[in-house]
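Here the structure is laid out as structure tokens; the discussion comes afterwards.
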Amino acid sequence: MCGITGWISFGEEPGQRPRVIERMTDALAARGPDASGIWLGPHAAIGHRRLAVIDPDGGAQPMTASAGGIRDGRPVPVPLGRPQASATSTLAHDHSPTSTTSTNTPGQIVLTYSGEVYNHHELRAELRGRGHEFRTRSDTEVVLRAYQEWGAGLAGRLTGMYAFAVWDADARRLLLVRDRMGVKPLYYARTPDGGLVFGSEPKALFAHPDCAPRVDAQGLREAYGLVFGTGATLWAGVREVPPGGLLEFDRDGLTERCYWQLTARPHGDDDFAAATEEVRHRLEYAVRSQLEADVPLCSLLSGGLDSTVVTALLADELRARDGAGARLRSYAVDYSDQAERFTGDVLRTGHDAPYAVEAGAHIGTEHRTVVLDPQALLDPGHRAAVVAARDSPIGVGDMDTSLYLLFGRIKEHSTVAVSGEAADEVFGGYPWFHSPAALAAPAFPWLLVTSDEAAVPLHPDVAGTLRIGEFQRDTYRTALAAVPHLDGEGPARRRQREMQHLSLTRWLRQLLHRKDRLSMAQGLEVRVPYCDHRLVEYAFNAPWELQCHDGREKSLLRAVGTGLAPRSVLWRAKNHYPATHHPDYNRGLQKLAREALDAAGGRVRDLVDARVIGSVLKTEPERLEWGHRLRLERVVDLALWLERYRPEITV
């Protein structure tokens, strides 16, 4: 996994201010606890924090090679460089296990890379056939050699989750690339002198003296509108490289283009059995390719269909590779007294933990349930860490804190976890795919189903300026215009395709952000097989009659899961990530919210409607509904965010 960052300037020399790139790199320390490195050269300073997963000894970064590749059909020598520790290391103050620096050599190509390329073995063989020599087993070197061979064209050849930057010293050009589904984050901002800074998280950019944390009205719309776009962010001047996008920056300026996007095309399998076989084939391939790691690997097993199918396939692959006695670790989260106090709502239909235990026994995993109590969820240190990980005041309260704590417990034994995230988006599992009201509404469906729209208690003056409703409607129309369709599609199929496209390109992105930020804050890599773009492409074009073949959601995945999951899990209704129902948590949350209203020098009251919050604070803890509780969660997080970042806010 890892954290990447860098600073490009054609005015001043970044190499003359090494402390800047050191601070930017240090800001991402949690993403890479195993090693740290920087590269300094004319016009560029590149940083990297490493979480070693594949080839721990050979994958040090930033990784460099001389410019070259193949010219006139003949190999050109392309020696590999690595940062070398020295007595004058500019990172000597850093006490991470490995801390290195390197400086410019003429003609170098410099790579700082985060993520995993799952087809690196195939690409390595192809590149060797083209004359490239390899010095490591790492997928990092494959990406570097691929750039030498194909330049920016390498993006379309990679399969996996990744975000990386290549600085081509000869061309004086920066290339930024993000994976197709946006599993790995990548941000950038322009500096006043016309340069550019980039990083895995905005906090790395804010470590640069010319990139201050500022928020304007448009940023607040992006945050509180809950439309989950990509490009513009909460932070003024900070943008995301879009999923499936690449950016090139040189003296002539910045260009951005898309190398992949969802397209509509005829589907070859109208037969349910054939489609099921194809889905299983693609999912098995995705799981198999994501099993590789030189560190302990486990699975997230919630007891739902999505995670159970992935865990079963993963366990089968592990036994095929390591022998019949190989056992996969699996993990679930639960709350104290959840069994006695569980209360269903629009998002949750049952208590997960017993199903997870049953699924683990059925598959044969070494299953563990991490049980959390209200005190751990309310702990100010834990909540502050979550807000710092997100760089944002918009979260989901105890569900974020519990996920962060779960990842911390998993990290004690494993460095890689495999998740069932994205199956609902890929296979039509959410209620809005099947709700006549949601299908008919001219709005983002999650705003109708999850009560999130009611969980944004903005101050009336701020609300009047932002006009969130108008912003949501305008954005919705823009989002629909981007949905691809086939000629001749009927109204029902067109609408389902719209729902799926909105879910895959917007709703899923905030879930991937959440999982990436909270896992990497604990130094844990989470892999998501359902985000394999070949599986996504196939399901996106499957006739809707196949997706709900048995009259239920996720028919194709349920058919794949037959035999892999216990029948009780196979036919469970959709259940979202669990929330605690303990009244002690509600009581403690109300206390935190009261304190938050007066925190940050009164700035919280400038942004939220204290009257709305006041009415929720008066509700008996035992009667506090989840949607109303979410209002309190976001007020608490807003106070923590304001205290940590002290942003300049202009509305």
Side-chain angles (χ1 to χ4, degrees), residues 1-4 31-32 48-65 69 78 80 109-130 132-166 175-186 200 241 243-246 259-260 282 285-295 297 317 415-419 422 512 516 520 525-537:
M1 205 44 64
C2 311
I4 67 173
R31 295 186 73 92
H48 187 266
R49 293 290 312 206
R50 188 179 187 207
L51 178 66
V53 172
I54 295 177
D55 192 8
D57 296 329
Q61 296 186 52
M63 187 176 284
T64 65
V78 284
L80 181 70
I109 296 170
V110 187
L111 171 67
T112 184
Y113 162 77
S114 169
E116 307 292 344
V117 169
Y118 300 128
N119 64 332
H120 70 99
H121 293 295
E122 297 92 327
L123 289 173
R124 184 186 301 265
E126 181 178 359
L127 288 163
R128 277 181 171 150
R130 291 173 174 266
H132 292 269
E133 297 180 0
F134 287 83
R135 304 289 185 267
T136 76
R137 295 186 297 106
S138 69
D139 57 334
T140 304
E141 187 180 359
V142 171
V143 175
L144 184 60
R145 301 301 187 194
Y147 176 81
Q148 291 177 308
E149 182 65 31
W150 297 303
L154 90 163
R157 295 174 175 267
L158 307 178
T159 296
M161 56 178 193
Y162 46 81
F164 61 86
V166 178
L175 172 69
L176 299 178
V177 179
R178 191 175 179 198
D179 68 74
R180 292 170 178 83
M181 296 298 292
V183 181
K184 293 290 102 186
L186 185 53
S200 296
V241 176
L246 61 82
Y259 70 88
W260 180 87
R282 295 186 185 223
Y285 183 86
V287 168
R288 187 182 311 118
S289 67
Q290 296 184 31
L291 179 62
E292 181 180 7
D294 293 330
V295 292
L297 177 145
E317 291 291 344
T415 303
V416 176
V418 179
S419 168
L512 293 175
D516 171 84
M520 293 305 293
E525 173 182 306
V526 175
R527 298 177 179 177
V528 280
Y530 289 113
C531 282
D532 186 291
H533 72 278
R534 293 156 300 190
L535 176 64
V536 173
E537 290 171 341

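In what follows, every heavy atom counts, from backbone to side chain, and hydrogens, waters and symmetry copies are set aside. This one's a predicted model, so the numbers in the text were calculated from it and none came from an experiment.
Summarising the geometry of Met63 relative to Gly58, their closest heavy-atom pair is CE-O, 3.8 Å, with the distance given to 0.1 Å. Ala155 and Leu246 make their closest contact through CB-CD2, 4.0 Å (heavy atoms, listed as atom of the first residue, atom of the second, distance). Ala165 approaches Ile4 most closely through the heavy-atom pair N-CD1, 4.1 Å. The two residues Leu186 and Arg178 have their closest heavy-atom pair at N-NE, 4.2 Å. Nearest heavy atom pair, residue Ala152 against residue Leu175, reads CA-CD2, 4.0 Å. Across all their heavy atoms, Pro529 and Ala286 have their closest contact at O-CB, 3.7 Å.
At a threshold of 4.5 Å between non-hydrogen side-chain atoms, the residues Leu154 and Glu149 do not count as touching. Residues Thr64 and Ile109 fail the side-chain proximity criterion, which asks for heavy atoms closer than 4.5 Å. A heavy-atom distance below 4.5 Å is found between the side chains of Leu158 and Phe164. With contacts defined as side-chain heavy-atom distances shorter than 4.5 Å, the pair Tyr147/Leu111 does not qualify. A 4.5 Å side-chain heavy-atom check between Pro243 and Met181 finds every atom pair outside the cut-off. Within the 4.5 Å cutoff, side-chain heavy atoms of Met161 are placed close to those of Glu116.
For the pair Arg128 (side chain) and His132 (backbone), a donor-acceptor distance under 3.5 Å is absent. With Ser114 contributing its side chain and Cys2 its backbone, the two residues share a donor-acceptor pair below 3.5 Å. No donor-acceptor pair closer than 3.5 Å links the side chain of Asn119 to the backbone N or O of Glu122. Of the possible donor and acceptor atoms, one in the side chain of Arg50 sits under 3.5 Å from a partner among the backbone N and O of Pro56. Side chain of Arg180 to backbone of His533: no donor-acceptor contact under 3.5 angstrom is found. The main-chain N or O of Asp55 is found under 3.5 Å from a side-chain atom of Asp294 such that the two form a donor-acceptor pair. Between the side chain of Asp179 and the main chain of Tyr162, a donor-acceptor pair closer than 3.5 Å is present. In terms of modelled atom types and a separation under 3.5 Å, the side chain of Thr140 and the main chain of Gly59 share no donor-acceptor contact.
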- Query: Thr159 and Asp532: side chain to side chain contact (heavy atoms under 4.5 Å, CB included), yes or no, with the steps?
  - Reply: CA-CA 8 Å; Thr159 296; Asp532 186 291; 4.1 Å; yes
- Message: Would Arg157 and Leu123 count as a side chain to side chain contact (heavy atoms under 4.5 Å, CB included) here? Give the steps.
- Response: CA-CA 8 Å; Arg157 295 174 175 267; Leu123 289 173; 4.2 Å; yes
- Task: Take Leu297 and Leu291 through the test side chain to side chain contact (heavy atoms under 4.5 Å, CB included) and record every step on the way to the result.
- Result: CA-CA 8 Å; Leu297 177 145; Leu291 179 62; 4.1 Å; yes
- side chain to side chain contact (heavy atoms under 4.5 Å, CB included) assessment of Val110 paired with Val166: CA-CA 6 Å; Val110 187; Val166 178; over 6 Å; no
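Tyr113 and Asp139 are linked by a side-chain donor-acceptor pair at a separation below 3.5 angstrom, with hydrogens and angles left out of the test. Side chains of His120 and Glu141: no donor on one and acceptor on the other come within 3.5 Å.
The pair Lys184-Asp516 meets the salt-bridge criterion, with a side-chain N (NZ, NE, NH1 or NH2) lying under 4.0 Å from an Asp/Glu carboxylate O. Salt-bridge annotation for Arg527 and Glu525: present, with a side-chain N of the basic residue lying under 4.0 Å from a carboxylate O of the acidic one. By the 4.0 Å N-to-carboxylate-O rule, Glu133 lies too far from Arg145 to be salt-bridged with it. Contact check on Asp57 versus Arg137 returns no salt bridge, with no Lys/Arg side-chain nitrogen under 4.0 Å from an Asp/Glu carboxylate oxygen.
How far CD of Gln290 is from SG of Cys531: 8.5 Å, rounded to the nearest 0.5 Å. Atom-to-atom distance recorded for Arg282:CZ and Leu535:CG is 7.5 Å, nearest 0.5 angstrom.
In this structure, Arg124 is positioned above the aromatic face of Phe134, its NZ or CZ under 6.0 Å from the six-membered ring centre and within 45° of the axis.
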